[in-house]
Amino acid sequence: MTDHTSVRAGARRPQRYLPLQILLGFLVIYFLVPFWWVIVNSSKDAPGLFGGGNTLWFTDQVDYLGNLRQLFTYDGGIYLRWMLNSTLYAIAGGVGATVLAVMAGYGFAKYRFAARRFSFAVVLGALMVPATALVIPTFIMFSRLGLTNTVWAVILPSLLNPFGVYLMHVYARDAVPDELLDAARVDGAGEVRTFLQIALPLMRPAVVTVLLLSAVASWNNYFLPLAMLSDNRLFPVTVGLGLWQGIASANNAGTTSLWSLIILGSLVSVIPLIIAFFSLQRHWRGGLSVGGLR
């Protein structure tokens, strides 16, 4: 009797999750079709793009190498400079924001000081403010300091990550036992040594998560560098591709089809993010899982 019941339950179980699986399948298609479109059209030249063929499949002439050569040589290789700028902004902004978030989150979680709750409430309040709403005040402040149209105008605002502070606070509060810190202090370890040798290894999954999120946010940042920078040699790849799109829309690129370069440049620009996600996947997924269980 029990065997028949278990067999019937096992037979019904797939039907119970069938609507959810169908929904997830539609979501996967919805998110993958644009990416597939970019991959396909990156191989086409101007006649292939505007010739009226199938936009979701390749033409007879697939020339990724030729398009890549044109992408990295157009206008003196400015696209490579944009990629290097984005790498600089992502590394500097990501690492700096992570360091500040780790120290602030650990301090809020493990220390008692005056105005602690008020300060943390201010951090939580900053989460509610859209980043675009702060661009104009930030531009005015940096212009008075003479820092606009410099790399610091992009890097310094990227160091502030209220969500990273909140995430590190929650993780440090649950993942780092107070008893372990007290035992280290009793053994004669100072606060810096206790943090570096005891707390920081336990917080590594959350640190990697904040680093990844901060670097991706800096890489994808568009409005801030658009407002802060006027020299196209300092543009990140996001603003650079936007510049090319404006030129292509106005048909001011001469004989060069910028649309092919824009599509291929968009594809190349996401490759570092894909590599970062896959290389750090086991760290940040494990960190979020442990934080949820605790």
Side-chain angles (χ1 to χ4, degrees), residues 31 34-35 37-39 41-42 64 67-101 130-132 134-135 138-139 142 147-161 163-164 207-249 253 256 258-281 283-284:
F31 286 109
F35 188 65
W37 184 92
V38 172
I39 294 175
N41 289 276
S42 297
Y64 281 110
N67 290 345
L68 281 172
R69 189 180 304 111
Q70 188 178 16
L71 174 66
F72 285 101
T73 58
Y74 179 77
D75 195 13
I78 190 66
Y79 180 81
L80 179 60
R81 186 179 182 91
W82 291 340
M83 288 289 290
L84 293 177
N85 291 339
S86 291
T87 303
L88 171 64
Y89 300 148
I91 292 177
V95 173
T98 302
V99 171
L100 293 179
T132 54
L134 301 176
V135 171
T138 304
F139 174 80
F142 275 69
L147 294 178
T148 55
N149 201 33
T150 65
V151 296
W152 299 110
V154 180
I155 294 175
L156 292 180
S158 302
L159 301 181
L160 301 178
N161 187 356
F163 176 75
V207 172
V208 175
T209 302
V210 174
L211 175 62
L212 183 61
L213 295 178
S214 301
V216 170
S218 298
W219 184 279
N220 292 330
N221 199 356
Y222 177 79
F223 193 37
L224 177 66
L226 178 65
M228 290 291 185
L229 305 175
S230 58
D231 186 357
N232 65 349
R233 294 176 299 177
L234 298 177
F235 285 173
V237 67
T238 51
V239 180
L241 292 177
L243 174 65
W244 278 0
Q245 183 178 1
I247 296 174
S249 300
T256 303
L258 279 181
W259 290 113
S260 301
L261 303 186
I262 293 170
I263 297 173
L264 181 58
S266 301
L267 177 62
V268 174
S269 67
V270 302
I271 292 177
L273 301 183
I274 295 174
I275 295 174
F277 266 101
F278 278 103
S279 60
L280 300 176
Q281 184 180 17
H283 294 287
W284 66 268

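Residue numbers run from 1 in the order of the sequence given.
Partners of Y89 by ring-ring contact (aromatic ring centres under 6.0 Å, His included), not counting sequence neighbours: none found. Residues that satisfy the ring-ring contact (aromatic ring centres under 6.0 Å, His included) test with F72, not counting sequence neighbours, are Y79. Judged as a side-chain contact (heavy atoms from CB on, under 4.5 Å), and not counting sequence neighbours, the contacts of S86 are W219, P236, V237.
In this structure, S214 contributes its side chain and L211 its backbone to no donor-acceptor pair below 3.5 Å.
Applying the salt bridge (charged side-chain N to carboxylate O under 4.0 Å, His left out) definition to pairs two or more places apart or across chains, none involves residues 75-88. Pairs engaging residues 267-279 under the salt bridge (charged side-chain N to carboxylate O under 4.0 Å, His left out) rule: none recorded [sequence neighbours left out]. Applying the salt bridge (charged side-chain N to carboxylate O under 4.0 Å, His left out) test to every pair with at least one member in residues 230-248, sequence neighbours left out, gives these pairs: D231-R233.
Contact detail for L267 and V38: the closest heavy-atom pair is CB-CG1, 3.6 Å. Closest heavy-atom contact between Y222 and V239: O-CG2, 3.6 Å. Annotation for G96 and L159: closest pair CA-CD2, 3.5 Å, computed over non-hydrogen atoms. For N221 against S158, the heavy-atom pair with the smallest separation is ND2-OG, 4.4 Å. Between L88 and V151, the shortest heavy-atom contact is CD2-CG1, 4.4 Å. The heavy-atom pair separating W244 from L261 by the smallest distance is CZ3-CB, 4.0 Å.
The distance from the OH atom of Y74 to the CG atom of L258 is 4.5 Å, given to the nearest 0.5 Å.
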